[in-house]
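Comments concern the structure below.
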Amino acid sequence: MKEISKTLEYKGKKYKLVFNLNTMEVIQEKYGTLENWGKLTDGSENDGEPNAKAVIFGFREMINEGIDIMNEETGNDVKPLTLKQTGRLITEIGIAEATKKLNKTVIDSTQSAEKNA
């Protein structure tokens with residue numbers, strides 16, 4: 001796995017979506033496996049409709065990992081997003097676009113490890 005990040009903008013602020021071992025661990029802890037979580041976020045478990053709770057949870061974890069990394073690198077103290085704040089962000093950019101970006105970040109991270117193996 002290679003740490004891959006994507007950037008998104010919301011209300012004039014740029015956020016990094018980071019998928020790495022830290023975010024993977026949190027997702028696995030809540031959903032058992034990445035595959036279980038992925039089926040919920042891509043809608044394959046619910047007639048094509050993404051599970052909002054799973055999307056918001058994964059997005060929050062990936063954004064907050066990006067915030068944490070930025071805070072370490074810059075010495076800033078930007079507060080992590082709550083689930084509600086993350087839900088508003090996703091609503092603003094659209095759930096389809098958010099889900100696409102979320103899944104692309106995960107796929108790019110995990111595929112880069114396979115290519116380097």
Side-chain angles (χ1 to χ4, degrees):
M1 172 182 291
K2 183 174 181 186
E3 184 175 290
I4 299 287
S5 67
K6 305 286 182 192
T7 304
L8 62 96
E9 195 166 327
Y10 172 66
K11 292 191 175 185
K13 290 184 181 179
K14 290 187 179 185
Y15 294 94
K16 278 176 43 174
L17 283 177
V18 176
F19 186 79
N20 59 18
L21 284 175
N22 294 329
T23 50
M24 183 176 174
E25 175 193 17
V26 175
I27 289 168
Q28 286 175 331
E29 187 176 301
K30 182 155 180 88
Y31 292 96
T33 66
L34 282 179
E35 184 178 356
N36 291 342
W37 174 74
K39 287 177 182 176
L40 292 169
T41 62
D42 70 12
S44 61
E45 289 290 302
N46 196 22
D47 295 327
E49 184 175 306
N51 178 292
K53 192 172 196 170
V55 171
I56 291 169
F57 180 83
F59 235 89
R60 181 193 63 177
E61 293 307 317
M62 292 167 72
I63 288 172
N64 285 345
E65 181 67 6
I67 289 171
D68 195 37
I69 290 168
M70 183 201 58
N71 283 342
E72 287 176 7
E73 291 174 352
T74 64
N76 290 338
D77 188 25
V78 176
K79 293 189 179 3
L81 297 183
T82 65
L83 288 170
K84 286 196 178 255
Q85 289 169 320
T86 306
R88 289 182 200 115
L89 182 151
I90 293 169
T91 299
E92 181 75 22
I93 63 174
I95 193 161
E97 183 62 30
T99 302
K100 186 170 132 183
K101 193 169 278 256
L102 177 99
N103 288 331
K104 178 87 171 120
T105 305
V106 174
I107 289 166
D108 289 353
S109 293
T110 54
Q111 282 183 346
S112 67
E114 292 168 7
K115 289 178 187 174
N116 293 331

- Message: Treating Asn64 as the side-chain partner and Pro80 as the backbone partner, does any N or O pair qualify as donor plus acceptor under 3.5 Å?
- Response: no

- Going through the distances and angles, do Lys16 and Thr7 end up as a side chain to side chain contact (heavy atoms under 4.5 Å, CB included)? CA-CA 5 Å; Lys16 278 176 43 174; Thr7 304; 4.2 Å; yes

- Heavy-atom closest contact (Asn20 atom, Asn22 atom, distance): OD1-N, 3.0 Å

- Message: Does this structure show an ion pair linking Arg88 with Glu92, if we count only N-O contacts that are shorter than 4.0 Å?
- Response: no

- Item | side chain to side chain contact (heavy atoms under 4.5 Å, CB included) between Val18 and Thr23, worked out | CA-CA 8 Å; Val18 176; Thr23 50; 5.5 Å; no

- Which pair of non-hydrogen atoms, one from Gly58 and one from Ile27, has the smallest distance, and what is that distance? CA-CD1, 4.5 Å

- Query: Between Leu17 and Ile63, is a side chain to side chain contact (heavy atoms under 4.5 Å, CB included) present by the stated rule, with each step listed?
  - Reply: CA-CA 5 Å; Leu17 283 177; Ile63 288 172; 3.5 Å; yes

- Message: Strictly distance-based, threshold 3.5 Å: is any side-chain N or O of Trp37 a donor or acceptor partner for the main-chain N or O of Gln28?
- Response: no

- Without swapping roles, check the side chain of Ser109 against the backbone of Phe19 for a donor-acceptor pair under 3.5 Å. yes

- Query: For the atom pair CD1 (Ile90) and CZ (Arg60), what is the distance rounded to the nearest 0.5 Å?
  - Reply: 11.0 Å

- Query: Quick one: CG on Leu40 to CD on Glu35, what's the gap to the nearest 0.5 Å?
  - Reply: 11.0 Å

- Query: Once you round to the nearest 0.5 Å, how far does CD of Glu61 lie from CG of Asp68?
  - Reply: 11.0 Å

- How are the rings of Phe57 and Tyr31 set to each other: parallel, tilted or perpendicular (split at 30° and 60°)? perpendicular

- Task: Show your working on side chain to side chain contact (heavy atoms under 4.5 Å, CB included) between Ile69 and Glu65 and close with a plain yes or no.
- Result: CA-CA 6 Å; Ile69 290 168; Glu65 181 67 6; 3.9 Å; yes

- Atom pair CG/NZ of Leu89 and Lys11 - distance to nearest 0.5 Å: 9.5 Å

- Give, for atom CD1 of Ile93 and atom CD of Glu9, the distance between the pair rounded to the nearest 0.5 Å. 11.0 Å

- Query: Taking atom CE of Met24 and atom CG of Leu34, what is their separation to the nearest 0.5 Å?
  - Reply: 4.5 Å

